[in-house]
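What follows is a single structure, written as structure tokens, with notes after it.
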Amino acid sequence: MDKADSSRQVSKWETLDRDILSVIFRKLDVKDLTMGASGVCISWFLASHNKILWNTVDLDKFREADKDLRLKELLLRITFTEHFKNSDISETSRSLRNITKFCRSAPENLVFGCCSFLDDEILMLAAASMPNIEKLVLPRWCYLSKNSYGFAFSQWKNLKTLIIAHDYPLKEIFEFQIVGESCSNLTNLKYLGLLGKEIAEKIVSYLKNIKKLSLQYAYVSRPGVLLLITGLQNLVILNISHCKELGNETVTMDNIVQAATQKRVKFILCSNNCTGCRNKRWFEGFGSYGSETWRNDEIKELEF
């Protein structure tokens with residue numbers, strides 16, 4: 001028995017092929033990988049740096065507080081914004097710095113925590129460390145200067161898909177012009193927020209190459225939607241499912257549908273008995289960004 005046992009080749013975890021380890025590590029979340037598995041031994045440490053693990057960096061999954069985010073927490077963040085801001089920026093910065101030690105320039109998809117705070121330093125660090133981003137998801141609270149927007153999006157020239165939240169009553173300005181001037185490959189846009197005619201004009205003016213646009217769960221004005229359809233010359237599909245309309249409008253839905261038909265724009269609407277929209281209150285849109293509902297979209301390129 002002893003002789004038979006001694007002749008048997010027994011593989012050890014630390015001697016397992018690194019490519020096989022990397023496949024196993026793909027089952028781990030970011031936190032378990034960077035703060036757990038990578039510290040077991042040198043073989044696991046090297047395997048944790050394999051670029052196949054880092055095609056997508058999802059900071060939402062790194063922050064345990066965001067995993068079960070609920071409407072109550074969102075409302076607290078709105079009410080006590082300054083209380084959350086400093087600690088949250090520090091947490092996001094630590095998470096990002098830790099991840100960049102592993103991912104290097106490999107990521108093509110970057111998702112910030114849905115309700116995290118973003119400042120100049122974090123955005124520029126992300127852009128400098130991950131210049132090959134093609135899909136970017138930005139959070140609600142962005143305290144950013146034109147300089148940080150300019151630097152970041154000048155690095156992200158490969159950007160094809162942008163998903164942003166800009167909820168009422170938050171007033172931070174999103175620099176559509178800077179994005180449009182830097183990212184000529186940007187063709188997919190998802191906008192959650194208050195879309196009036198002014199925002200629509202900026203999208204039409206600066207993001208001229210948009211082909212696929214989702215306003216799912218946004219607060220929209222009909223004149224704004226009509227302007228997007230008539231103004232975006234390359235638009236092929238528009239999703240306005242689960243939207244909340246703002247006020248009484250002079251533009252009718254018939255006007256919008258007619259414009260979309262004339263331009264052959266595929267138009268995605270809710271059904272008349274949509275259970276997702278029935279009896280919604282105005283603030284329920286805030287919860288959608290922290291849920292799987294916001295991560296999903298009828299337009300495949302805008303899922304994350």
Side-chain angles (χ1 to χ4, degrees), residues 18-19 21-39 44-64 66-67 88-140 142 144 148-165 178-179 182-190 212 289 292 294-297 300-304:
R18 289 177 194 163
D19 289 336
L21 276 173
S22 297
V23 172
I24 296 171
F25 286 173
R26 293 180 75 174
K27 304 296 183 181
L28 300 177
D29 63 35
V30 177
K31 200 165 190 175
D32 287 339
L33 178 58
T34 58
M35 303 180 69
S38 64
W44 286 33
F45 175 79
L46 294 173
S48 68
H49 287 72
N50 193 317
K51 65 180 182 179
I52 69 170
L53 298 172
W54 298 107
N55 180 261
T56 296
V57 170
D58 192 339
L59 288 164
D60 208 16
K61 294 180 179 179
F62 195 87
R63 304 168 70 251
E64 290 184 354
D66 279 343
K67 287 183 179 180
D88 196 278
I89 285 176
S90 297
E91 182 182 350
T92 302
S93 179
R94 284 194 300 271
S95 300
L96 186 61
R97 290 181 186 280
N98 191 25
I99 288 171
T100 55
K101 296 175 184 176
F102 292 83
C103 69
R104 292 166 289 184
S105 61
E108 295 181 356
N109 308 304
L110 175 59
V111 180
F112 281 95
C114 63
C115 290
S116 60
F117 292 86
L118 188 62
D119 68 359
D120 289 344
E121 182 182 356
I122 295 172
L123 187 69
M124 291 192 289
L125 171 63
S129 305
M130 309 174 192
N132 299 314
I133 296 299
E134 296 183 6
K135 177 181 284 188
L136 176 65
V137 181
L138 291 177
R140 282 186 172 84
C142 295
L144 303 172
S148 64
Y149 271 114
F151 173 79
F153 286 96
S154 70
Q155 301 298 303
W156 289 327
K157 293 188 180 298
N158 294 329
L159 190 67
K160 298 177 182 177
T161 301
L162 177 62
I163 299 168
I164 56 177
I178 290 175
V179 174
S182 301
C183 306
S184 59
N185 294 315
L186 182 63
T187 56
N188 307 311
L189 175 67
K190 184 169 186 172
K212 299 179 181 182
Y289 188 43
E292 289 302 315
W294 167 236
R295 284 179 171 263
N296 298 330
D297 200 282
K300 182 179 179 181
E301 289 84 354
L302 294 171
E303 293 183 327
F304 64 97

Minimum side-chain heavy-atom gap Ile133-Leu159 below 4.5 Å: yes
Exercise: identify the closest heavy-atom pair between Leu302 and Asp297: O-CB, 4.0 Å
Sub-4.5 Å side-chain heavy-atom contact between Leu138 and Leu136: yes
Sole residue of Val137, Leu59, Val57, Ile163 in side-chain contact (heavy atoms from CB on, under 4.5 Å) with Phe112: Leu59
Donor-acceptor under 3.5 Å (Asp29 side chain, Asp32 main chain): yes
Contact check, side chains of Val30 and Phe102, non-hydrogen atoms, under 4.5 Å: no
Taking every non-hydrogen atom, the tightest pair across Gln155 and Ala127: CB-O, 3.8 Å
Least distance between heavy atoms, Leu21 atom then Ala47 atom: CB-CB, 3.8 Å
Parallel, tilted or perpendicular: rings of Phe153 and Trp156 (30°, 60°): perpendicular
Atom of Ile52, atom of Ser22 and distance for their closest heavy-atom approach: CD1-CB, 3.9 Å
Nearest-0.5 Å distance, CG of residue Leu33 to CZ of residue Arg26: 12.0 Å
Test item: Trp44 and Ile24 side chains (from C-beta on) under 4.5 Å apart, heavy atoms: no
Closest non-hydrogen atom pair, Asn185 against Asn158: ND2-CA, 4.2 Å
Interatomic distance, Thr100 atom OG1 to Leu125 atom CG [nearest 0.5 angstrom]: 5.5 Å
Donor-acceptor contact below 3.5 Å, side chain Trp54 vs main chain Ser48: yes
From CG (Leu96) to CG (Leu118), nearest 0.5 Å: 9.5 Å
Least distance between heavy atoms, Ser105 atom then Asn132 atom: O-ND2, 3.0 Å
For Arg97, salt bridge (Lys or Arg N to Asp or Glu O under 4.0 Å) partners two or more places apart: Glu121
Value rounded to 0.5 Å, distance of CZ in Phe151 from CG in Leu123: 9.0 Å
Check: Asn109 and Asn55 side chains under 4.5 Å, non-hydrogen atoms: yes
Flag side-chain contact, heavy atom, 4.5 Å: Thr161 against Phe304: no
Summary of salt bridge (charged side-chain N to carboxylate O under 4.0 Å, His left out) pairs that have at least one residue in residues 150-163, sequence neighbours excluded: Glu134-Lys160
Interatomic distance, Arg295 atom CZ to Asp58 atom CG [nearest 0.5 angstrom]: 4.5 Å
Minimum side-chain heavy-atom gap Arg104-His49 below 4.5 Å: yes
Atom pair CE (Met35) and OG (Ser95), whose distance is rounded to the nearest 0.5 Å: 8.5 Å
Sidechain-backbone polar pair: Lys135 side chain, Val111 backbone, donor-acceptor under 3.5 Å: no
